[in-house]
Structure formats: C-alpha cells, structure tokens
J.: 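Here's a structure for you.
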Amino acid sequence: MRDKIDRYAPDVIEPKWQKRWAASGLHETADVADRPNFYFVTMYPYPSGELHVGHWYAMAPSDCAARFLRMRGHNVLFPMGFDAFGLPAENAAIKRNMHPAAWTEKNMAHMREQFTMMGASIDWRREVVTCYPEYYRWNQWMFLRFLEQGLAYRAMAPVNWCPKDQTVLANEQVIGGRCERCETPVIKRDLEQWFFRITRYADELLRFEGIDWPERVRVMQTNWIGRSEGAEIAFDVHGHPAEKIRFFTTRPDTIYGATFMVLAPEHPLVAKITTPAQRREVDEYVARARLMEEIERTSAERIKKGVSTGAFAENAFTGERIPVWIADYVLSTYGTGAIMAVPAHDERDFEFAKRYGLEIREVISPDGSEHAAVAEPYVGEGIMVRSGPFTGTRSEEGKRAVAEEAKRRGIGGPSVIYRLRDWLVSRQRYWGTPIPIIYCDDCGMVPVPEKDLPVVLPRDAPFTAEGGNPLARVESFVRTTCPSCGKAARRETDTMDTFVDSSWYVYRYPDPKIDTAFMNEAVARRWLPVARYTGGIEHAILHLLYARFVTKALRDMGYLWFGEPFRHLRNQGNIVFGGRKMSKSRGNVQPPDEYVARYGADTLRLFMMFMGPWTQGSDWNAEGIEGVHRFLNRVWTIALSEPGEGPRDETIDRLLHRTIAKVTADVDAYHFNTAIAAMMELTNELQHAHGPSRAEATEKLLLMLAPFAPYITEELWERRAGTDSIHRQRWPAWDPAMTTLDEITLVVQVDGKVRDRVTARAGLPEAELREIALASPKAKVALDGRTIDRTIIVPDRLVNIVTRRSS
RNA sequence: GCCGGAGUGGUGAAACUGGCAACCACGCACGCCUCAAGAGCGUGUGGGCGAAAGUCCUUGAGGGUUCGAGUCCCUCCUCCGGCACCA
C-alpha cells in the first residue's frame with residue numbers, strides 16, 4: 001500500500017492550487033453572506049521590494065487565524081494593500097535613476113506574487129494602494145475637512161534639518177541625531193509647518209474603554225500622551241510691565257522655594273528681557289543650543305549649564321526678586337517653555353543652583369521641622385515650611401491651595417498639560433500626498449476647492465542628490481491660479497506624512513473603488529469597525545495613535561458611527577536577526593524564497609508559527625524547519641494510506657476530541673506553537689492506529705491543519721475525495737465529555753515527595769484514591785515508622801500523604 | 001533613572017484557577033532499511049552517584065507562605081523592548 005503513495009511534492013501542488021484558487025475566486029469575500037461578517041486586518045506593508053521573513057512572521061499566522069475564523073462560521077474579509085508613499089522610493093530614484101512610481105510598482109508586483117506564493121487568503125479585488133490619486137485625493141479631502149474644523153493649522157515650528165542635504169527630515173529619518181543618508185548631524189530650523197491638532201483629543205485618547213488591546217500598547221500610549229496635573233502661574237518681570245513669565249508646575253506646594261526661574265533658550269521673552277550687559281553671552285548661548293540640539297542636547301547625563309539674562313522676576317508668593325536664567329534643560333516644546341526653579345526639591349534645579357551659587361531654600365519637610373542646610377534635594381511630599389500662610393500644610397493639600405490662591409489673585413490656577421504635541425504632518429518631500437493649499441498674494445492661503453481634487457502629483461520632477469524638495473522645483477505644478485480671485489498664485493509644495501495615509505486605510509478596503517466618498521458607507525456598515533487588527537509592536541504609538549485620532553475626528557464630523565477603529569488588537573513580536581529587528585533599511589533581511597523552494601510555503605508557514613509564542617517574537621534561526629517539514633510528510637503518508645481494519649479505539653477518539661478542543665482554544669488565543677504541537681502529538685499516535693478511529697481522526701486532523709498549511713491539506717482533501725474545497729468546510733466539533741482521559745496516572749506523594757505512580761480509572765471518588773495510594777508498596781516503605789497526619793487528594797491527579805513529625 | 005516584558009535541558013520551547021518540571025520539535029548517539037548517500041522508520045537523550053534496581057538534585061540568586069511553588073509574596077541580579085532633563 002505504502003509504496004504506491006507518491007512523494008509529497010510542494011513544488012508541484014502549491015502552484016497548482018494557486019491557479020485553481022485564483023480561478024475559482026476562493027478568497028473573494030462577498031459583502032452579504034449567510035454567516036456573520038468579520039473584518040480582520042493585518043497591517044499593510046511598505047513596498048520595499050520583497051517580503052522578507054519578518055513579513056511572513058506577521059502574515060502567515062494572521063492568515064491562519066483568518067482562515068480559522070472562516071471555518072468557524074464567519075464571513076471573513078481579509079484584505080491587503082500597500083503603504084506606497086514614502087522616502088525610500090525617492091532615495092531609489094536618486095540612486096538608480098528610476099522614478100519612485102516605477103520603483104514602487106515593480107516592488108508591489110513582486111510582493112503580490114509573494115503573498116500569493118505564501119497562500120495568503122487575500123481578497124485582492126479590495127486592494128488599497130496609497131500612492132494612487134484615487135486614494136490620496138481622500139487624504140486631501142480630509143485635510144480640507146480638518147482645516148474647516150480647526151484640526152489642521154499652519155505654524156512656525158522647529159524641524160529636523162540636514163545642512164548637507166539641504167532638506168527637512170522626518171523624525172524617523174533621524175538616527176542618533178544624524179541624517180540617515182549622509183550621517184551629518186541634524187540641527188533644528190524654524191519653518192512654517194502643517195499640524196493636525198491631535199492634542200484636542202488628548203483626554204479621549206487616554207481612555208481605552210470597550211476595546212480589547214494589549215496592556216503594553218495602552219501603557220505606551222498613555223505614557224506618550226503624558227498627562228500631568230498641576231498649576232499654571234505667571235510671575236511679573238521687573239522693568240517689563242507688559243510681560244509675564246508663565247510657567248507650569250506639578251508642585252505648586254513648593255512655590256515658596258522658587259528662588260530663580262529658567263527659560264528655554266528658544267523662549268520668545270529671552271530677547272526682550274535680556275539686559276545689555278548679558279546680551280552677548282545670551283546670544284552666544286542661544287546660538288550654540290540651537291546648533292547642538294539633536295545630538296548633545298538630548299544626551300542623557302550632561303552637565304547643566306546656562307546663562308543669566310540679567311533680568312529679574314517677582315515671585316508672587318514670596319514677593320522676592322528672583323533672577324531669570326536660560327538653560328537648555330528647559331524644553332521649549334513642553335509646557336510653556338519656562339519653569340520656576342525650586343532647587344531644594346528638584347534634582348535638576350538643585351544641580352543648576354549648586355553650579356551657579358543660587359539660593360537653595362527648604363520649603364517641604366518630611367517631618368514638618370525646618371532644616372538649616374539642604375544637602376540633597378528632597379523630591380517627595382511632606383509638610384510645607386517657610387511658606388507664609390501655607391506653613392504647616394501637607395503637600396497634597398498645599399498643591400490645591402496654592403493653585404486656588406493663584407486663581408483668586410488672577411495670576412493662574414489649576415492646569416493640566418500633556419506631553420503629547422500636535423502632529424506635524426508636512427514633509428518637504430516629493431513622494432507623498434500634495435497638501436491641497438494655494439497661496440495668493442492678495443487672498444493669502446486658499447484651500448483647493450473640493451471639485452478640483454485630487455491635486456495630482458506631477459510625474460516629472462528633478463531627483464538629484466543635492467536634496468531639497470523636488471516638487472518645489474516643478475514650475476508647472478507650483479504655478480497656478482487663485483481659486484478665489486483668479487490671479488496667479490503658488491501651490492503648497494509640502495506633502496503629507498505617510499502616517500496620514502495609514503490612519504484611515506481600513507475604511508477604504510470594503511470598497512476601494514468608490515469615487516464619491518472616502519468610504520462606501522453602505523458597504524462599510526456591514527464591516528466596520530475592524531474586529532481584529534494585527535501588526536508589529538513597533539507601531540504601538542505612532543500609527544495606532546494617529547488612527548484613533550483620525551477616527552474620532554471623523555466621528556465628530558459625522559462621517560463615522562464609532563470612535564475606535566480597532567476593537568481587538570494583537571501585536572506579534574519582532575523577528576530579530578544579527579541582533580536587530582529584521583528590516584530592509586537595516587539591511588539584515590532574510591529572504592523566504594529559498595525556504596519555499598526547498599520545503600514549500602506550507603512548511604515555512606508552519607515553521608513561523610511553531611518557533612515560539614507569536615506575541616513574543618524570536619531570533620531568526622531556521623534550524624528547526626526540518627521538524628515541521630517531517631511532520632507534513634507524516635501527515636501526507638497517513639492521509640493517503642488505508643486506515644486498515646479494527647475496532648474503534650477509545651484512546652484515539654479521546655485524543656482527537658482533546659486535540660480539537662486545544663487547537664481551537666489555542667488559535668483563538670494566537671498560541672499557534674502549542675496548537676501545532678498538539679496536532680503533532682495526534683499525528684504521532686495515528687501512525688500506530690487502525691480502523692475507523694484512525695479514519696475519522698485523519699479527516700479531522702486535515703481540517704484542523706487547513707488554516708495552517710492550506711496547500712497540502714487541500715491536495716489531500718481532493719485526493720481523499722472530499723467535496724468542494726477544504727477551505728470551505730466547517731471546523732470540526734468536539735464533545736467535552738470525550739476530552740478527558742479514561743485512564744489517569746495517580747501520583748502518590750509522601751510529605752510532598754513523589755514516591756509512586758499508579759494507573760487508575762478516571763473519576764474515582766476520593767476515598768478510593770486514598771486506598772489506592774495507601775496500598776502502594778513504595779508508599780508503604782516511605783511511610784515506615786511514621787504516623788499519618790492527613791491526606792491531600794486532588795481528584796484524577798495526586799494523593800499526598802502527610803505525616804506527623806515524630807519529635 | 002522611569003515604565004513594560006522575560007530569565008526553565010546542548011537549542012527553540014511547554015506546563016489549565018499552585019498538584020508528575022521539561023509536551024512538541026531541533027540537535028546528538030545508537031540501530032533498522034540501503035550497494036551507497038539521502039529520505040524514511042525505531043530506541044535513547046536535564047544533571048550527579050550507581051553495573052542495575054534505584055536514589056538524590058534541578059526552572060537567574062536568596063528568603064518566605066503552603067501538605068505541595070516554574071507558578072503566589074519579599075529582596076536582589078541579568079537580559080530585551082519603550083520612554084528618557086517632561087517642570
């Protein structure tokens with residue numbers, strides 16, 4: 001029998017089924033079905049050229065879960081697309097003299113083939129490609145809506161600037177303070193930039209009610225938003241009656257210890273209040289701070305240096321004149337860019353005061369008594385001392401009381417600030433969505449009228465190594481007429497951050513072709529919001545936060561009926577190779593194709609899932625791939641051999657039910673590795689089984705394996721004369737009564753040490769278990785000379801005989 | 001420094017609400033099959049002592065709770081990830 005079976009040949013059967021599935025439309029999802037709809041999305045990739053092992057690790061298990069949900073009775077939409085705008089395409093244009101569009105198209109074509117090779121059950125009719133005008137016109141449409149709502153605005157902002165390439169860089173293009181391309185240290189430059197007002201949603205973004213997201217991601221977003229409660233207070237500046245220095249503090253209870261103030265070097269008041277005597281020193285310091293910003297300024301433990309402005313402010317609570325300094329440890333981008341410095345109760349202020357001989361005055365005491373000297377800052381809470389009318393007040397109460405007093409006096413009050421800053425969305429780059437704005441000398445800034453959308457990216461642009469934005473040099477693009485007055489005007493040449501594209505793409509999948517709205521609401525109502533979203537943990541903050549923000553904004557404008565895009569989120573860990581996360585830009589990608597050629601896609605899929613827990617990630621090491629390949633070979637042989645004659649085998653039947661229950665629970669929980677281990681165990685047992693139990697178990701094994709290894713199971717299903725595609729079958733059912741063992745191994749312990757193991761029938765009463773244990777000869781030996789105190793019985797598991805200590 | 005996550009055989013790893021530590025694999029060793037190689041199949045494989053039966057030890061370190069701890073509590077160490085002068 002056995003020798004008639006042909007060899008398992010993935011190189012033959014995989015292409016065969018690729019063709020057949022494409023021809024039969026197996027992966028096309030209907031919007032209306034006799035089963036409930038389920039929207040399952042895996043983060044789309046950047047079309048970097050080819051799918052590497054990291055992409056497989058993201059996709060293969062997700063595809064398995066999508067297929068599983070189909071067999072479990074859902075109508076699953078599992079779409080795919082490409083995050084097709086972005087800088088690497090532009091760099092490729094410069095390096096290889098190839099247009100970004102052509103480079104991107106070539107990469108997408110190759111990657112689509114690779115997805116097909118993988119066996120991913122993608123409905124390609126719904127593909128979304130963000131660099132097509134049909135897509136990005138809706139970025140532009142949204143931009144205009146945001147503008148109307150005050151959610152998009154233009155402001156001067158410091159941005160990352162590479163002096164050699166003469167271009168602005170995105171944050172992600174700044175690596176260790178240097179330009180990713182030429183490694184020149186990056187400096188800050190002030191430029192007019194476009195922002196999305198994400199801070200308007202800061203509070204709502206802190207709430208995660210009703211969504212099932214990993215704790216880790218919620219914590220990361222919460223920290224990123226960084227809510228702080230405290231007070232905002234303003235002090236007068238001596239000799240400048242029109243100016244006040246506003247500052248934020250989380251410790252208003254320490255205000256009587258504010259012996260000086262510090263402004264960020266970029267603070268607008270610096271130029272106004274600096275005294276002539278200090279001007280030169282201040283100017284030099286400010287210039288230096290700007291130049292060194294990225295590399296030095298952010299380095300962790302540097303010495304705090306600053307200079308005096310020569311000006312004085314008045315501490316409104318003590319009435320004292322206090323000097324105003326500038327120092328780069330105060331950030332212009334956080335709070336108001338100014339602080340009251342309380343050296344006795346803040347480590348940074350303490351260090352600064354020590355260095356420059358500024359007064360250090362204790363105002364919070366752990367025990368309520370005053371201390372003469374402050375050897376080191378006390379940052380905890382305590383009782384206010386030397387604090388005028390507040391002396392004797394506890395910190396918590398003092399915080400509130402001081403803030404209230406400031407409010408009463410009209411100089412401030414309680415306040416909440418966030419670390420989160422508005423989202424800078426403009427990029428001085430070609431390969432992105434043009435921002436739909438026109439500048440007219442007479443009318444000023446004019447939005448492009450909706451009827452004129454999309455503002456199409458011109459194909460021809462000068463791509464040169466000198467850098468700068470190629471779009472700004474395309475005269476035919478820049479020159480236009482004012483929509484408002486008709487006179488000659490200039491277009492905005494900045495393009496949008498690609499995170500804008502990805503913040504709403506999941507709303508496009510249900511009908512990517514609709515050209516009257518960003519989303520086909522009638523169709524989308526059947527799918528949205530996303531029931532399951534999977535992707536890399538590296539997107540925990542940026543993409544996932546932006547998508548939440550855009551969703552809330554669209555909801556408030558009446559375009560969406562929900563405020564959270566992703567109901568359920570799970571992140572796979574990273575595939576690490578050579579000590580770093582695998583990615584094209586890091587140059588450490590491992591191509592999957594050679595493994596596919598050698599073992600087939602099913603083996604590689606299975607191996608990806610077998611390596612370890614999916615959410616944990618893994619170091620890439622292909623050594624174990626042989627094991628899963630052997631497993632598929634065994635399945636092949638078993639499925640094509642005759643089961644033989646024999647009676648039903650209850651042990652096999654029970655194992656089968658147990659396996660179905662385990663695999664079901666495991667796939668649901670993304671525990672692919674243990675699901676595969678369970679199927680391997682079943683397979684190992686089936687090799688020695690015969691008769692109807694084996695026949696039934698083999699068929700159900702194939703069904704369970706189908707989401708993991710879609711090709712081999714489809715081929716075997718066909719050869720075993722199964723009807724239709726295996727991928728249209730229902731997931732096997734199990735009987736809970738059959739998931740228990742009929743025979744158990746009872747562990748007999750004496751004083752917690754294992755002394756014997758006895759085979760017994762399952763479900764015996766405690767009294768009987770005790771008798772069995774006491775009858776064990778080995779237990780008797782161990783019990784010799786001891787008095788039994790009590791016995792602990794865990795049904796079907798263990799009996800522990802506890803003896804009394806004899807002395 | 002702060003916030004997460006994790007430390008288990010030679011390796012990847014498993015272990016439900018505390019109940020047989022190491023499932024399933026890789027690798028290795030020996031055997032079967034073969035002219036041979038590969039593939040396939042079988043047996044063994046945490047460590048110590050022992051010829052064996054057996055026996056003691058073992059989940060980063062140390063303490064604790066418990067009849068019983070990889071799992072719970074305390075202290076500490078190491079690694080990975082994120083944030084990092086955030087007022």
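Here is the naming used below: chain letters follow the sequence lines, and residue numbers restart at 1 for every chain.
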J.: Flag yes if more than 12 heavy atoms outside A:Arg770 fall under 6.0 Å of its CZ atom; otherwise flag no.
T.: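 Enclosed.
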J.: Just to verify, what does A:Ala9 make a side chain to side chain contact (heavy atoms under 4.5 Å, CB included) with, not counting sequence neighbours?
T.: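 Per chain and number, A:Ala9 pairs via side chain to side chain contact (heavy atoms under 4.5 Å, CB included) with A:Arg7, A:Asp11, A:Val12.
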J.: Under 3.5 Å, which donor-acceptor pairs do the side chains of residues 669-683 of chain A form with other protein atoms, sequence neighbours left out?
T.:
unit_1	atom_1	unit_2	atom_2	d
A:Tyr670	OH	A:Arg532	NH1	3.1
A:Tyr670	OH	A:His568	NE2	2.9
A:Thr674	OG1	A:Asp666	OD2	2.9
A:Thr674	OG1	A:His671	O	3.1
A:Thr683	OG1	A:Met679	O	2.7

J.: Is the base of B:rC20 touched by the side chain of A:Arg757 through a donor-acceptor pair closer than 3.5 angstrom?
T.: yes
J.: Whether A:Thr791 contacts B:rC67 is assessed here as follows: a side-chain N or O lying under 4.0 Å from the phosphate OP1 or OP2. Is that the case?
T.: no
J.: Could you check A:Thr250 against A:Ile676 and say which one's nearest nucleotide on RNA chain B is further toward the 5' end?
T.: A:Ile676
J.: Side-chain donor-acceptor contacts of residues 413-421 of chain A below 3.5 Å, not counting sequence neighbours, with atom names and distances?
T.:
unit_1	atom_1	unit_2	atom_2	d
A:Tyr418	OH	A:Asp203	OD1	3.0
A:Tyr418	OH	A:Asp203	OD2	2.8
A:Arg419	NE	A:Trp224	O	3.2

J.: Could I get a table of every N or O pair under 3.5 Å where one atom is in the protein and the other is in nucleotides 27-31 of chain B?
T.:
unit_1	atom_1	unit_2	atom_2	d
B:rG27	OP2	A:Arg630	NH1	3.4

J.: Run the side-chain hydrogen bond (donor to acceptor under 3.5 Å, both in side chains) test against A:Asp422 and tell me which residues pass, sequence neighbours left out.
T.: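 Checked A:Asp422 against side-chain hydrogen bond (donor to acceptor under 3.5 Å, both in side chains); matches are A:Tyr153, A:Thr199.
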J.: Is the shortest side-chain N/O distance from A:Arg797 to OP1 or OP2 of B:rG18 below 4.0 Å?
T.: no
J.: Where does B:rG18 fall, syn or anti, if syn means a chi angle no more than 90° from 0?
T.: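 Chi for B:rG18 falls in the anti range.
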J.: Is a donor-acceptor contact shorter than 3.5 angstrom present between the side chain of A:Arg216 and the base of B:rC3?
T.: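 By the distance-only test, no, there is no pair.
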J.: Quick one: salt bridge (Lys or Arg N to Asp or Glu O under 4.0 Å) partners of A:Glu347, sequence neighbours excluded?
T.: none
